[in-house]
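Treat the numbers as computed from the prediction; the structure is a model and nothing was measured. Reminder, nothing fancy here: chain letters follow the sequence lines and each chain counts from 1.
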2 protein chains.
Amino acid sequence: MSTIAVDLHITDAEWEVMRVVWANTQVTSKEVISTLEEKMDWKQATTKTLLGRLVEKGALNTEQEGRKYIYSANIEEKEAVRSFSNDIFDRICRKNVGNVIESIIKDHTLSFDDIQRLEEILEMKKAFAVEEVDCQCAEGQCDCHLHHHGE
Amino acid sequence: MSTIAVDLHITDAEWEVMRVVWANTQVTSKEVISTLEEKMDWKQATTKTLLGRLVEKGALNTEQEGRKYIYSANIEEKEAVRSFSNDIFDRICRKNVGNVIESIIKDHTLSFDDIQRLEEILEMKKAFAVEEVDCQCAEGQCDCHLHHHGE
DNA sequence: AAATAGAGTTTACATTAGTAAACGATTATT
DNA sequence: AATAATCGTTTACTAATGTAAACTCTATTT
């Protein structure tokens, strides 16, 4: 009941639609169409197609309201973002996760609150930190193996 | 000379090939083929196609060595990862960058060194932190606007 | 020299994604 | 009632991706 559709692939174009739904909780196609006509310069047909595909793949729910539909998200934005962001980590060596996070932090503006919160999380993470993260890479796709022995 | 090809799209399948090249610095198609035959269960033709596409799009360099080629990466892994990981942040409200980072940290194993390094980065980020991160979302795609006025 | 194997290039083909027009059923207008 | 405006569904079409066979040299083995 929690992972209803974590692994469904939401494409870039579809994501634009999802954002409108997430932001408004309940929307009609009309609202989505006009928002994306604005932002993306899409013809209404384009948005309609995307809405249809999202309903089809279970990312959106529809509820008949008179003769039109009210769309609502079937997956939480947070979950979708999380699933999407984890894709990065399937592309790199686990040992580099820290470096990637570092680079992300460097690349973005954070608020004082953000920083404080992250510091707290890190503090908590210490309890579960390891001496060295395990490389899970396939042989030949990472050179960690070479770095193991001393020096 | 720095951003040679930051914006070139490397697909999931192509990335598998890149990892082999990055890990070995210099490789022959044979090595890539055998590594991915192992890991991905790909026919050699598949890997050949991918190698060809990557050379074509400038992600890989080739250097004739006798009658075969030596492949090497034309973009750094770090840069590629960075470019890829920034895609997440185009999908969310800037105000949530901190939350996403938080969730990433929670989801992964870090080493003591990682944590310490991240703490240092955060410490430095304080100098550039803002009171509140600006929402850059398009109207209708984010509800930040609503949260502005009190309560 | 002829046959075989290896390496890159071409061609192939199905699926997904981006973008949108056309169609059909309904409701709102004239 | 006839017509026009809506809204969802079907169909369309191109480009990108995943996956791989076939082809063409060239070098090696017999």
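Rounding to whole angstrom units, CD of residue A:E65 and C1' of C:dT27 are separated by 15 Å. B:K30 has its NZ atom 10 Å from the C1' atom of C:dA7, to the nearest Å. Atoms CD (B:Q44) and C1' (D:dT19) sit 13 Å apart, rounded to a whole Å. For B:K68 and C:dA5, the NZ to P distance is 16 Å, given to the nearest whole Å. Atom CD of A:E56 and atom C1' of D:dG8 are 13 Å apart (whole Å). Rounded to whole angstrom, the span from the CG atom of A:L51 across to the P atom of D:dT10 amounts to 15 Å. Computed from coordinates, the B:M18 CE to D:dG18 C1' distance equals 18 Å when rounded to whole Å. Separating the CD atom of A:Q64 from the P atom of D:dT6 is a distance of 19 Å, rounded to the nearest angstrom.
Every residue two or more places apart in sequence or in another chain that forms a side chain to side chain contact (heavy atoms under 4.5 Å, CB included) with A:Y69 is listed here: A:T62, A:Q64, A:Y71. Take B:K30 and apply the side chain to side chain contact (heavy atoms under 4.5 Å, CB included) test, not counting sequence neighbours, and it matches B:T28. In terms of the side-chain hydrogen bond (donor to acceptor under 3.5 Å, both in side chains) criterion, residue partners of A:S111 (sequence neighbours excluded) are, by chain and number, A:D114. B:E123 pairs by the side chain to side chain contact (heavy atoms under 4.5 Å, CB included) definition with A:E119, B:K126, not counting sequence neighbours. Taking B:R82 as the reference, A:D107, B:E79 meet the salt bridge (charged side-chain N to carboxylate O under 4.0 Å, His left out) condition, with sequence neighbours excluded.
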Next item on the list: Encode nucleotides 15-26 of chain C as B, S and - characters from 5' to 3', where the letter depends on protein heavy atoms closer than 4.0 Å: B to the base, S only to sugar-phosphate, - to neither.
Entry: --SBBBB-----
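Between B:N96 and A:K78, every side-chain heavy-atom pair lies at or beyond the 4.5 Å cut-off.
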